[in-house]
Amino acid sequence: MSRGNRLRSEATEQEHVVSWCLHREGMYPDLKWIHHCPNGGSRQKSEAYRLKAQGVKAGVPDLNLPVPKGSYIGLYIEMKYDDGTIEPSQKEWIKAMKAAGHFACVCYGFDYAIKVIEEYVNLLPDQTMSYENGIVLKDRKRGKEVVL
């Protein structure tokens with residue numbers, strides 16, 4: 001499976017989510033604020049040390065929308081693809097952000113992430129998401145949905 005000339009991966013799925021958001025800012029102006037904090041990836045030891053000293057932390061979810069909607073103070077999404085593993089530090093962040101009042105979840109692929117984002121930006125004051133906070137949204141053929 002590919003999108004364009006690149007094989008699908010967590011990175012390409014996330015790129016498509018961000019592109020979807022950029023193309024819908026006119027409809028949902030709050031999407032202007034969705035962003036990624038590049039905490040992952042391979043780095044040389046010296047660069048990793050410097051970034052850690054600047055505040056980079058393991059496990060920070062891939063996407064953040066720091067805009068309060070419904071009964072939440074913000075949205076965090078950890079992106080995964082195919083059989084990607086949720087690391088203990090990522091589970092810790094999802095649980096902590098959920099406890100702090102954010103809606104936080106793990107989305108396996110573009111489709112789930114878009115569903116979550118679109119529902120989130122349409123929440124009215126005091127509404128809650130139809131998904132349970134902390135959920136892992138994954139194709140049922142590959143595994144069941146669980147709550148962290």
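Remember, predicted model here, so these are calculated numbers, not experimental data.
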>> Any heavy-atom pair between the side chains of L75 and K69 that's under 4.5 Å?
In response: no
>> With heavy-atom distances below 4.5 Å as the criterion, would you say the side chains of H35 and P66 are in contact?
In response: yes
> How many angstroms lie between atom OG of S71 and atom CG of L124, to the nearest 0.5 angstrom?
Replying inline: 11.5 Å
>> Can you tell me how far apart CG (D82) and OG (S9) are? Round to the nearest 0.5 Å.
In response: 10.5 Å
> Taking the hydrophobic residues Ile, Leu, Val, Met, Phe, Trp and Tyr, and joining any pair whose side-chain heavy atoms are under 4.5 Å apart, which ones share a cluster with V60?
Replying inline: Y76, W93, M97
> How far apart are the closest heavy atoms of N122 and E118, and which atoms are they?
Replying inline: ND2-O, 2.8 Å
> Is there a side-chain contact between I86 and I94 (heavy atoms, below 4.5 Å)?
Replying inline: no
> Is the closest side-chain heavy-atom distance between V18 and L63 below 4.5 Å?
Replying inline: yes
>> Is the shortest side-chain heavy-atom distance between L31 and W20 below 4.5 Å?
In response: yes
> So how far is it from M79 CE to Y112 OH, rounded to the nearest 0.5 Å?
Replying inline: 12.0 Å
> Would you say Y49 and V56 are hydrophobically clustered, going by side-chain heavy atoms of ILVMFWY under 4.5 Å?
Replying inline: no
> Can any side-chain N or O of N133 pair as donor or acceptor with the backbone N or O of A104 at less than 3.5 Å?
Replying inline: yes
>> Rounded at 0.5 Å granularity, tell me how far OH in Y72 sits from OG1 in T128.
In response: 4.5 Å
>> Could you measure the distance from the CD atom of E78 to the CD atom of Q14? Nearest 0.5 Å is fine.
In response: 8.0 Å
>> When you group the ILVMFWY residues by side-chain heavy-atom contacts below 4.5 Å and let the links chain together, are Y28 and I73 in the same group?
In response: no
> Of all heavy-atom pairs between V116 and F103, which one has the smallest distance, and what is that distance?
Replying inline: CG1-CE2, 4.1 Å
>> Among residues at least two apart in sequence or on other chains, which ones pass side chain to side chain donor-acceptor pair (under 3.5 Å) with E10?
In response: none
>> Angle between ring planes, F110 versus H16, binned at 30° and 60°: parallel, tilted or perpendicular?
In response: perpendicular
>> Give me the atom names and distance for the closest heavy-atom approach of V106 to K80.
In response: CG1-CG, 3.8 Å
> Rounded to the nearest 0.5 Å, how far does CD of E132 lie from SG of C105?
Replying inline: 12.0 Å
> If you count the non-hydrogen atoms of other residues, nucleotides and ligands that lie under 6.0 Å from CD in E92, is the total more than 12?
Replying inline: no
> Cation-pi between K138 and Y108: NZ/CZ under 6.0 Å from ring centre and within 45° of the ring axis?
Replying inline: yes
>> side chain to side chain contact (heavy atoms under 4.5 Å, CB included) for V121 and L65? Distances and angles first, verdict last.
In response: CA-CA 9 Å; V121 297; L65 181 58; 3.9 Å; yes
